[in-house]
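Counting starts at 1 for both ligands and their atoms, in listed order.
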Amino acid sequence: MDTLTVQELRERYQRFFEVRGHRPIPSASLLPENDASVLFTTAGMHPLAPYLLGETHPLGNRLVDVQRCIRTGDIDEVGDPSHLTFFEMLGNWSLGDYFKRESLAWSYEFLTQELHLDPAQLAVTVFAGDADAPRDDESAQIWLSLGIPAERIHFLPKEDNWWGPVGNAGPCGPDSEIFFDTGRPDHPGCRPGCGCGKWLEIWNNVFMAYRKTAQGDLVKLSHANVDTGMGLERTIAVINGFDDVYRIDTLAPLIAQLESLTGYAYAEPQHTRPFRIVVDHIRAATFAIADGALPGNVEAGYIVRRLIRRAIRYGYDLGIRQPFCAQMAKTVVQLLDDAYPILGQRRVVIANELTCEETRFKATLERGLHEYRKLIERVRRVGTPMISGESAFDLYETFGFPLPLTLELAREDGLRVDENRFEALLIEHKETSRRGAAQKFKGGLQDQSEQTTRLHTATHLLHTALRQVLGASVRQMGSNITPERLRFDFSYPEALSDAQLREVERLVNEEIMRDDAISYTVMPPAQAIESGALAFFGAKYGDMVKVYSIGAFSREVCGGPHATRTGELGRLTIIKQEAVGQGVRRIRAVIGV
Ligand code: SER
């Protein structure tokens, strides 16, 4: 069989579901809008959360998409043949329309009839049931009727077969996952999901019939949805008979480029893992920067910085001493610009940010080297043959100095490093950061509490008021909502004066006092823009959009949800303004006080 390309699979998938009544929607940004529950879009369901919870979608209740995603939860797995931090997710969606039968039957038909996968190589899992929701016998029956034999239908608990919510509240439900047998050897107890690499998960069908509330209760949704997600890179690898996702057409050229940069062969076992890490991380960082997450010290920017620094570090291990990230990012742009034109539009920013970060990291390495030399003098004075785990960890944590480098230098100096202690400290540190992060990302639009919905409405009022006070060149650049406050980023070259801030606040509160009604109409994007509606920052729209009107004060293209009247908001108070980059200001505000 001829090789199938990534682009061909995207097209075939879309066509298959269009014929079955689905309307295509564009990929949303990797940076979630109005939502603080995650740093990146981790799945196709994320931008669709309001519709899964009951908002009407302007294109109807059957959708199909290819969503760009970043998941850093699996970052330590990157380096094996199938894990990626950046990946594309093919999805078909039922918003309260079809359910298990159609969903599973279409997945099976697409895999076996359209892609000609051998049914004998497929296995599936379904939810085993617990106190929250019953065992999913219905899905098991459907799989049996489609031709999957009982011994390849596995009932698994929540850890394996329940999806969502993202963050601590939002839509969720039992799922049924489809696995492909890679042909690797079996072992006792091996089953889909065991993690040994024999069974590769390629598609997940989630039956989103529930919503978890911020209080932790599970509530049945008035309409049950289907959210499916198919890993594009994995599926294309499987169809082409590759046992390694890095051989597909959107990744292999990056591996080849790294071979010529290093002079090493990817196939040499000691180089395979670092090659994969460098390629994956640069690809993810390129996309994140294109969508506006610049390397920095907090939140998404911090993850991007970590990805770049990890790539540089592994590049260093492979012997690269010259800047190389921007060069590789250029290849990423060439490979994926057709599907994601934002890459081409932002190519200059991508190159500049990567180059700056490489220069900065080099300075860090030099500082680390200086600290390392001081450390060696101390160690020599004391006369021990060992660098303590604490010292190595301090070099790593405070000076960003990678452990492999410490090991390499110590070897040259005839010293050993207490690696076990270093690992223990690293695990402890990761656990503390994880708990901190889990604490931090509460709420967001996924919980759709009344307060986050009202804050979302307040961002529309702020947007209009800022444009009235500062001029029509002001544009929203982003926003982030937690149940406590809103954060609103907009383009403006300088700090606002106190008088300007007070005037913005006054205009918003005047509109709140008017208690105007809030409603939306559905129309094509061109008509929305002609009618004077503000269109979101850098967003791409589908064929039809919702335009929310707030009295005569504001008209904006937006998915919702919103309050029904402005009076519900209570008074808005701006608590802080700050700069977040060249030409971008940030306002934090609270309501109801
Ligand atoms: N949300 C599910 C997943 O990410 C299916 O799309 O696996």
So Arg20 and Glu109, salt bridge (Lys or Arg N to Asp or Glu O under 4.0 Å) or not? Walk me through it.
CA-CA 12 Å; Arg20 287 156 185 80; Glu109 185 185 344; 2.9 Å; yes
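- Every residue two or more places apart in sequence or in another chain was checked for a salt bridge (charged side-chain N to carboxylate O under 4.0 Å, His left out) with Arg313, and none qualifies.
- A donor-acceptor contact under 3.5 angstrom links the side chains of Thr482 and Glu484, judged on distance only.
- Residues with a heavy atom under 4.0 Å from ligand 1: Ala43, Met45, Arg71, Met89, Trp163, Asn204, Val206, Asp227, Thr228, Gly229.
- The ring-ring contact (aromatic ring centres under 6.0 Å, His included) check on Tyr13 picks up Phe17, Phe110, Trp203, with sequence neighbours excluded.
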Side-chain donor-acceptor contacts of residues 140-151 below 3.5 Å, not counting sequence neighbours, with atom names and distances?
residue : atom : partner : partner atom : Å
Trp143  : NE1  : Ser176  : OG           : 2.9
Ser145  : OG   : Ile142  : O            : 2.7

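- A heavy-atom distance below 4.5 Å is not found between the side chains of Arg68 and Leu336.
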